[in-house]
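What follows is a set of notes on a single structure, which appears directly below.
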Protein chains: 2
Amino acid sequence: MTQTRTRPDRGRSALGPALELVHTGRAPTRAVLTAELGVTRATAGAVAAELQGLGLITVDSSPSTAGAQGRPSHRLAVDPAGPVVLAAQVHTDGFRAALVGLGGRVVATAPGCGPVEADPAQVLGEVVAAGRRLLEESGRRCVGAGLAVPSAVAEPEGTALNPLHLPWAPGAPVREVFRRCLADAGISAGADDGVAANDVNLGALAEHRHGAGRGARQLLCVATGHRGVGGALVVDGRLHTGSSGLALEVGHLTVDPEGRACHCGGRGCLDVETDPLALLEAAGRRPGPEVSLLHQAIDLLRTEYHADPAVRAAAHRLVDRLALGLAGLVNILDPDRIILGGLHRELLRFDGDRLRAVLDGRSLWGRGKTFAVLPCSLDHNSLVGAAELAWQPVLDDPLRVQVV
Amino acid sequence: MTQTRTRPDRGRSALGPALELVHTGRAPTRAVLTAELGVTRATAGAVAAELQGLGLITVDSSPSTAGAQGRPSHRLAVDPAGPVVLAAQVHTDGFRAALVGLGGRVVATAPGCGPVEADPAQVLGEVVAAGRRLLEESGRRCVGAGLAVPSAVAEPEGTALNPLHLPWAPGAPVREVFRRCLADAGISAGADDGVAANDVNLGALAEHRHGAGRGARQLLCVATGHRGVGGALVVDGRLHTGSSGLALEVGHLTVDPEGRACHCGGRGCLDVETDPLALLEAAGRRPGPEVSLLHQAIDLLRTEYHADPAVRAAAHRLVDRLALGLAGLVNILDPDRIILGGLHRELLRFDGDRLRAVLDGRSLWGRGKTFAVLPCSLDHNSLVGAAELAWQPVLDDPLRVQVV
DNA sequence: TTACTTTGTGCCTCTGTGAAACAAAACAGG
DNA sequence: CCTGTTTTGTTTCACAGAGGCACAAAGTAA
């Protein structure tokens, strides 16, 4: 009997790694690409030419402002006219859609307000419709789609496990619904086109590839959205999602045994002690209904942190608890970099010294000296992360863009 | 100018994965090897023949007791006469040396008693000498050496960061000392021959490859030695050591805010609340000096758990605290399997229902149903793990055995 | 200008692996 | 016992990815 292998052809095996290097900006020239891939110049040249032929990167052989000795190297860059992916995000107050090219470049964005409906199909239908409009306006080719949701997403099922701050039922099959919406809108090509993941996880992935997390080997991200706290860990460039997608759901770490009651049944959880509502209440402010809690909390810090001692005390209170939670994570995970997002980023900016001091004091075995704490650096990092996820098949095998 | 690539030749690229499949018992026949590698029968045959030629595996084409239809497949197995690695372990009461073949087969063992000297070179010199005697007696070829120590080991420095229960100074360069001892004994071939890591980490690795952790995607191990508590996480077959080797050093998780004082400065740490000494004291027993605390504690459980209510109550106390610590880890790491070693294994055996109940009650979002809790299944799992680490270069590129 | 350095390109070769056809070793059924 | 079926091992051929090498190209340094 004849025998056919089950796995698909690898194609040029250095193609994927090469595209990833250009995508993340680690291969600005062909010479660097040669070194990073560990191949000969001939191979690197062939690979670059093939990626250029696929319309994914540009190879610029024009006079570069080199200044160095020897023949100047051709400059490599992501093709700004290349294909895009559709990135979508659902959050507590609405949704966002965007087109994102390689290199994490956001090409177009469309916001949408809430409230988020109880039926995921309704919201995702609107997001996808917005994305479709963006695609039509831009006239660009779409090679994938990714969705960020404020909930852990189980793999391989693609279900939202704990959409605590959305009116969705736990276990909602968000990925399948998303795929159906894509198919209905005529966007997706195959049935496995369209991926979904947790927003903080995706934000961490984006920061690792294009932002403040570049080069980190063990990147811990903690962020508040409008409600609740999320965490993520990127190890050697890959998301650590745990066995069921619930890893790093750090919202219910205890950071104050006598703290306020949490809907999880515990007391003094990171979630209720360090989110925007906690800051407003600690400062004695009544949250207004007009704008999001996150914006109210950030505004409060920006306008009154230096003026009002009560606001400063409230910030201190949150920072102490945040640092306690981070110290627990540091002692278990041993990251080399920590990135804070949302309100936590602002707390770091206004009260970073205190955060660092508490954190160092609680880190065992002098670990405090081994990691940096940074604010997140990308706008829309969850969107960019959703795009990363959508790009992944292409990064793994760039030849897909011509097949699809 | 001519151009030579920097990376070494890959050789036959399926060679390493093939050896690993046989090594871990996942490829008992050539047909299975073909399927697991995802290559054609021709390739699998060539690979198996090459590994056989290297003296690493045996290919048995004799009449197998098949029973199934079709031509019986050749049976693959680790060559019992193949090369070995030297595995060494230092613990609080002494050391152990062993020769370990592929497949985690312990070929020979030599124990050594304590006390452990303050100078690492002295202890490691003794271990290596014991290993050398084993090698001479057996007459087998040695292709690597690994060392397990009761401390986190920093990479890439190879220093013992927190040898809390040994008289060694933090930061002792154990790997370099180990390598020097190997060189002095004429065992090692190259300068990079000889690796060192934490004992619980290595135990987890061994359990994952050859024991109760087989097939787990996210394996969490927690174990007590004679003193203290260690943890480890194996993700997709690789140890999660963190950025400085201190990940999963879980001994100082707080499991009882009003618990006893710990030398780390905290209170109620897992370390002091669930180790052998804690059980003896909770049961109102005075620890004797004759045998190790671990043996005294295990003996106490075995002989009096069912007879003495005070012992049962002490076990309950430890189990509750252990479960609390595990729940915290589960909620952050989301493992699909947990393996307990040392005294914790005995607590699981005698009081498993209670452990499981507390653990499930504390696991958020119904995660309790997604993981198993098992006792560790290998004798000397730290030794076998040290051997795994030593074997790794050969598993990555089996052609090394002929070069060395 | 000339020498030197670094990078890009064309050509040949090597090697790992797939594809296909065939042989071998078991079982099932007459 | 013979024949057909199923599964596995073996042989042969071919192809593609990547290395090795020589040479060309494009800068800087003197």
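Letters A, B, ... mirror the listed sequences (proteins, then strands); counts begin at 1.
Dashed line: the shortest gap from a side-chain N or O of A:T43 to OP1 or OP2 of D:dG19 is under 4.0 Å. One finds no side-chain N or O of B:S73 lying less than 4.0 angstrom from the OP1 or OP2 phosphate oxygen of D:dT7.
In this structure, CD of A:Q52 is placed 13 Å from P of C:dG8, rounded to the nearest angstrom. Atom pair B:Q69:CD and D:dT5:P shows a separation of 12 Å (rounding to whole Å applied). Here the C1' atom of nucleotide D:dT8 and the CZ atom of B:R30 are 8 Å apart, to the nearest Å. B:R75 has its CZ atom 18 Å from the P atom of D:dT7, to the nearest Å. Taking atom CD on B:E50 and atom P on C:dT17, their separation rounds to 10 Å, with Å as the unit. Remark: P of C:dG18 and CG of B:L37 are 10 Å apart, rounded to the nearest angstrom. Rounded to a whole Å, the CG atom of A:L33 is 9 Å from the P atom of C:dG8.
A salt bridge does not link B:E155 to A:R217: none of the charged side-chain nitrogens sits closer than 4.0 Å to a carboxylate oxygen.
Set against D:dA29, C:dA19, C:dT7, the side chain of B:A42 has C:dA19 as its closest nucleotide. The side chain of B:P72 sits closest to C:dA26 out of D:dA18, C:dT17, C:dA26.
Checked against side chain to side chain contact (heavy atoms under 4.5 Å, CB included), A:R26 has the following partners two or more places apart in sequence or in another chain: A:E20, A:L21, A:T24. Looking at residues two or more places apart in sequence or on another chain, you find a ring pair (Phe, Tyr, Trp, His ring centres under 6.0 Å) between B:H210 and B:H23.
Under a 3.5 Å cut-off, the side chain of B:R400 and the backbone N or O of B:V143 do not form any donor-acceptor pair.
Side-chain to base pairing of A:R71 with C:dT7: one donor and one acceptor N or O lie within less than 3.5 Å of each other.
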